[in-house]
Amino acid sequence: MSKFVITIGRQTGSRGRIIGRQLAEKLGVKCYDKEILTVAAKESGYSEDIFKYHDERPTNSFLFNLVMDSYSMGYPMSPYSDLPLSQKVFVEQFNTIKKIANQESCVMIGRCADYALRDYPNLLRIFIHADLDYRAENIAKEDNISIDKARDVCQKTDKKRASYYNYYSDMKWGDAITYDLSINSHVLGIEGTADYLEKYVRAALKI
């Protein structure tokens, strides 16, 4: 079949990144997570550190709305040079996501990829979530911090991701209606969730 893209949104500690990489391996395609930032930096000429600093950080600008409205309708982005650096970084990242999707089948994690590719013909949008206690346990072990601190990390990081996603897209982060499939990774575990998603993707895309 023609190229396809699987996008994965994830709650902090849900192990969505690990599951996404396992899914990509099962499907025989690349997984793009922070790799998106590396490619965008090379394409744009900006430092990769700049992309990392602004990664999934919310912003607010009326001018940015005008630029992206023009872009979505196919008009030149003439006010682009007037945008703050954070929003230029998003536009470059947005362009990189679309360029990668046009070149190869892949799995993309976060960074509004589902919105950037909303008109892409073979797109499946997945959201991976889990209850807070499970996610906090994962973060506590990973970062060697207390459960209370891990809960705080989960909630604050997810709040930042939601603000970023809700601002840059016209959809709501984590809302089931925004995705083709929303799945609780705690139920089946990492391996089980990746196996389930592989079956779902192959059935949905007939691959």
Side-chain angles (χ1 to χ4, degrees), residues 4-37 55-58 93-94 97 100-101 105-118 120 122-143 145 147 149-205 207:
F4 63 86
V5 176
I6 313 301
T7 62
I8 294 182
R10 75 286 185 216
Q11 285 187 313
T12 305
S14 66
R15 292 301 185 250
R17 177 178 289 109
I18 298 173
I19 292 168
R21 291 197 178 279
Q22 288 193 6
L23 175 61
E25 185 175 344
K26 291 174 183 295
L27 296 172
V29 300
K30 288 184 181 179
C31 179
Y32 288 91
D33 179 17
K34 293 187 182 298
E35 293 85 350
I36 293 173
L37 308 182
D55 189 27
E56 295 189 317
R57 286 173 179 253
Q93 188 172 284
F94 192 95
I97 288 169
I100 292 172
S105 295
C106 61
V107 173
M108 291 189 180
I109 298 175
R111 297 168 184 84
C112 291
D114 55 337
Y115 177 68
L117 302 174
R118 61 194 181 280
Y120 195 78
N122 294 312
L123 173 70
L124 282 180
R125 304 159 301 165
I126 295 169
F127 189 80
I128 299 175
H129 61 94
D131 61 87
L132 180 58
D133 287 344
Y134 171 76
R135 295 187 290 116
E137 287 177 8
N138 289 334
I139 294 298
K141 291 177 183 176
E142 184 178 294
D143 296 346
I145 57 178
I147 287 292
K149 177 63 176 176
R151 286 195 183 95
D152 188 54
V153 169
C154 288
Q155 292 171 330
K156 286 183 177 178
T157 304
D158 284 350
K159 184 175 181 180
K160 183 184 73 170
R161 285 178 179 169
S163 295
Y164 176 88
Y165 185 92
N166 296 344
Y167 176 77
Y168 280 116
S169 79
D170 57 1
M171 302 176 289
K172 186 176 180 181
W173 185 83
D175 190 339
I177 199 170
T178 299
Y179 308 91
D180 299 299
L181 177 68
S182 182
I183 186 168
N184 186 336
S185 58
H186 189 193
V187 175
L188 298 177
I190 295 173
E191 293 284 348
T193 302
D195 287 341
Y196 181 89
L197 291 179
E198 180 193 8
K199 292 175 183 177
Y200 174 83
V201 168
R202 291 191 182 281
L205 297 177
I207 57 175

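- Across all non-hydrogen atoms, the minimal contact from Tyr164 to Gln93 is OH-NE2, 3.2 Å.
- Counting heavy atoms from C-beta on, the side chains of His186 and Asp133 never come closer than 4.5 Å.
- Counting all heavy atoms, side chain and backbone alike, Val107 lies closest to Gly20 at CG1-O, 3.9 Å.
- Checked options Asp180, Leu23, Ile6; the residue passing with Tyr200 is Asp180 (criterion: side-chain contact (heavy atoms from CB on, under 4.5 Å)).
- Expressed to the nearest 0.5 Å, how far CG of Asn138 lies from CD1 of Ile18 amounts to 8.0 Å.
- Rounding to the nearest 0.5 Å places NZ of Lys26 at 11.0 Å from CD1 of Ile19.
- With rounding to the nearest 0.5 angstrom, the CG atom of Leu123 is 9.0 Å from the CG atom of Leu205.
- For Arg118 and Tyr115, the positive end sits near the middle of the six-membered ring, less than 6.0 Å away and at most 45° from its axis.
- Closest non-hydrogen pair, Leu132 versus Cys154, comes out as CD1-CB, 3.9 Å.
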Where do Arg21 and Asp33 land on the side-chain contact (heavy atoms from CB on, under 4.5 Å) test, with the steps shown first? CA-CA 9 Å; Arg21 291 197 178 279; Asp33 179 17; 3.7 Å; yes

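- One distance of note links SG of Cys106 with CD1 of Ile36; it measures 7.5 Å at 0.5 Å rounding.
- For the pair Leu124 and Leu181, the minimum side-chain heavy-atom distance is 4.5 Å or more.
- Separating the CE atom in Met108 from the OG1 atom in Thr7 is a distance of 9.0 Å, to the nearest 0.5 Å.
- Between the NE2 atom in His129 and the CD1 atom in Ile183 there is a gap of 7.5 Å [rounded to 0.5 Å].
- Between the side chain of Tyr120 and the backbone N or O of Ala101 there is at least one donor-acceptor pair closer than 3.5 Å.
- A heavy-atom distance below 4.5 Å is found between the side chains of Ile207 and Leu27.
- For the pair Arg135 and Asp158, the salt-bridge criterion is met [side-chain N within less than 4.0 Å of a carboxylate O].
- Here the side chain of Thr178 pairs a donor or acceptor atom with the backbone of Lys172 at under 3.5 angstrom.
- What you find for Ile126 and Leu197 is that their closest heavy atoms are CD1-CD2, 4.0 Å.
- Looking only at distances, no side-chain donor or acceptor of Ser182 sits under 3.5 Å from a matching main-chain atom of Ala176.
- Electrostatic pairing of Arg202 and Glu198 counts as a salt bridge here, judged by a charged N lying under 4.0 Å from a carboxylate O.
- By the 4.5 Å heavy-atom criterion applied to side chains, Glu35 and Ile100 are not counted as neighbours.
- Put simply, the side chain of Met171 does not reach to within 4.5 Å of the side chain of Ile177, judged on heavy atoms.
- Atom NZ of Lys30 has 12 or fewer neighbouring heavy atoms from other residues, nucleotides or ligands inside a 6.0 Å radius.
- Listed here is the closest heavy atom pair of Ala24 and Cys31: CB-CB, 3.7 Å.
- Not a single donor-acceptor pair under 3.5 Å links the side chain of Arg161 to the backbone N or O of Trp173.
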Go through the steps to decide whether Thr12 and Lys156 satisfy the test side-chain contact (heavy atoms from CB on, under 4.5 Å), and finish with yes or no. CA-CA 9 Å; Thr12 305; Lys156 286 183 177 178; over 6 Å; no

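- With hydrogens and angles ignored, the 3.5 Å screen pairs a side-chain donor or acceptor of Ser105 with a backbone N or O of Phe4.
- Nearest heavy-atom pair across Gly174 and Tyr179 is N-OH, 3.0 Å.
- For CD of Glu142, the number of neighbouring non-hydrogen atoms (other residues, nucleotides, ligands) closer than 6.0 Å is greater than 12.
- Side-chain contact between Asp143 and Lys149: absent, with no pair of heavy atoms (C-beta onward) separated by less than 4.5 Å.
- No side-chain donor-acceptor contact under 3.5 Å links Arg17 to the backbone of Ile109.
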